[in-house]
Protein chains: 2
Amino acid sequence: MTEIPAPPWRTDKRPVRQPLSQDAIVAAAIRVLDAEGLDAVSMRRVAQELGTGPASLYAHVANKDELYELMLDSVVGETVADAESAVHEPDWQQGARRIARAGRDALRRHRDLARVAMTGFPFATNSLRVTEAYLAILRGAGLPDQIVAWAVDRLALYVTADVLEGAYYYAKGWKTEEQAHAYFEQAADYLRALPPERFPNTVAMVDTLMSGGSDERFEHGLDMILDGVARYLP
Amino acid sequence: MTEIPAPPWRTDKRPVRQPLSQDAIVAAAIRVLDAEGLDAVSMRRVAQELGTGPASLYAHVANKDELYELMLDSVVGETVADAESAVHEPDWQQGARRIARAGRDALRRHRDLARVAMTGFPFATNSLRVTEAYLAILRGAGLPDQIVAWAVDRLALYVTADVLEGAYYYAKGWKTEEQAHAYFEQAADYLRALPPERFPNTVAMVDTLMSGGSDERFEHGLDMILDGVARYLP
DNA sequence: GTCGAGCAACGAACACTGTTCGTTCCACGA
DNA sequence: TCGTGGAACGAACAGTGTTCGTTGCTCGAC
């Protein structure tokens, strides 16, 4: 099949007329997300990115919510290979840790997309594959099903909540991390200035409470969840 | 101060002219929330509830986000008394449980308001009081500060996530619980129909995975968190 | 007793949003 | 060769949050 070059005449009527597709739309949406944040991903903005109007998108995508979920599943897809290879890890805790880390890394690569993961259930195909990997590892370790179900719930929630905390300032429309840092500093000062007779513990623990977002803290929380689960090994 | 009755003349010009206030606005917003769900709480809808226009609200509320946070703090206020009395509970696990339960009950009374709790940090006064109660209980038990900070984080997240799961169908605009039940049934069928060679664990665990929302499950998850934390007692 | 200042209330408008309708136009199969 | 199904699209609708400029009221100072 040799590609027939576009005829030089008649090219003035329509610019290029390259066909749209769901994949192209999702890719464009993720491009906007990475550049401007989730709130900027509107149907008009995505259409503009593709050089067309918003109505054209509805032939490939049911509505904006579906587009958001497709974006999430596309990003989750970045972790599927990692997750499925982690199933063969001899140490089950290490396997679970690898899936969690891969999910966190993928979400962190895409601004505040984690907000989408907080609303709705992971029924898309890539999410299901990651869940299946989790289940295989935890069941393979011999944990009872009830505990496995709870643990998967908790791990997924922990990962997205951690990312969400780190991406918090995107939601406020801030551009730089300096602004975010200033905000947190100000918040800490506010807590320190609370009346110590009514909030003695809060005031005393300000620094400990506000030390979120770091890798060490994420790993430590992961350890605590997995250690808690390990108590239910037969 | 005897109240002077409104003069019968001149009443045609303005209906009543009762002064607006932040409390009145928040109360009206919660009324709309309870009746129609969070998505229905727009500045125009709240203003309509008060018989005025949206611009009038901005004298008492900075913007819609602040209104949402005020609503949340008002609802959290319903639990402050409970939380602060739980501090005197002799058993620290029982104390923490009481705060968590009170928070869950309060959030469940108000549709999908839990969505607001998922975005943003609890810096409003009532939330701070509840946090202080948590801290007092857990520190009083002798837990190290690092663990206490993590546990409070986890407990708050667990409560709101549990409520959010139960209120999921509000976000979809569904009215009745029958619709929600049908949706979950359909979702379960979808999972059961997955290819068993690629999703053996998911298919096998469908019923366990989808058994969310009940009180027993909430209590069980609470036990698991608290038991996990208890390992760090000196 | 009168005046002035400050502020709450508000009508109208702006710049957006998601979504739908009706039309146009093209590529493919009969 | 024609007919048809479906994608692309322009325009519009009904909303949204927020701001501006004006009005009208109330309270304190003179």
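Chain A is the first sequence line, chain B the second, and so forth, proteins listed ahead of strands; every chain is numbered from 1.
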Using the test salt bridge (charged side-chain N to carboxylate O under 4.0 Å, His left out), find all partners of A/Arg101 that sit at least two apart in sequence or belong to another chain. A/Glu219
What does the list of N/O pairs under 3.5 Å between the protein and nucleotides 17-20 of chain C look like, with a distance for each?
| residue | atom | partner | partner atom | Å |
| --- | --- | --- | --- | --- |
| C/dT17 | OP1 | A/Ser42 | OG | 3.2 |
| C/dG18 | OP1 | A/Lys64 | NZ | 3.2 |
| C/dG18 | OP2 | A/Met43 | N | 3.1 |
| C/dG18 | N7 | A/Arg44 | NH1 | 2.6 |
| C/dG18 | O6 | A/Arg44 | NH2 | 2.9 |
| C/dT19 | OP2 | A/Tyr58 | OH | 2.9 |
| C/dT19 | OP2 | A/Lys64 | N | 2.9 |
| C/dT19 | O5' | A/Tyr58 | OH | 3.4 |

Measure from CD on B/Gln22 to C1' on C/dA8 and round the result to the nearest Å. 15 Å
Hits for salt bridge (charged side-chain N to carboxylate O under 4.0 Å, His left out) against B/Arg109, two or more places apart or cross-chain, chain-then-number order -> B/Glu78
All ring-ring contact (aromatic ring centres under 6.0 Å, His included) counterparts of B/Phe199, not counting sequence neighbours: none
Over how many whole Å does the gap from B/Leu57 atom CG to D/dT16 atom C1' extend? 14 Å
Sorted by chain and residue number, the salt bridge (charged side-chain N to carboxylate O under 4.0 Å, His left out) partners of A/Arg31 (sequence neighbours excluded) come out as A/Glu49
Once you round it to whole Å, what is the distance between P of D/dA8 and CG of A/Leu50? 10 Å
Kindly say if B/Thr52 contacts the phosphate of C/dA9, meaning a side-chain N or O under 4.0 Å from OP1 or OP2. no
Write down the distance between CD1 (A/Ile25) and P (D/dA7), rounded to a whole number of angstrom. 11 Å
Assess the pair A/Phe121 and B/Phe184: is the distance between their ring centroids shorter than 6.0 Å? yes
Any ring-ring contact (aromatic ring centres under 6.0 Å, His included) pairs touching residues 39-71 of chain A, not counting sequence neighbours? none
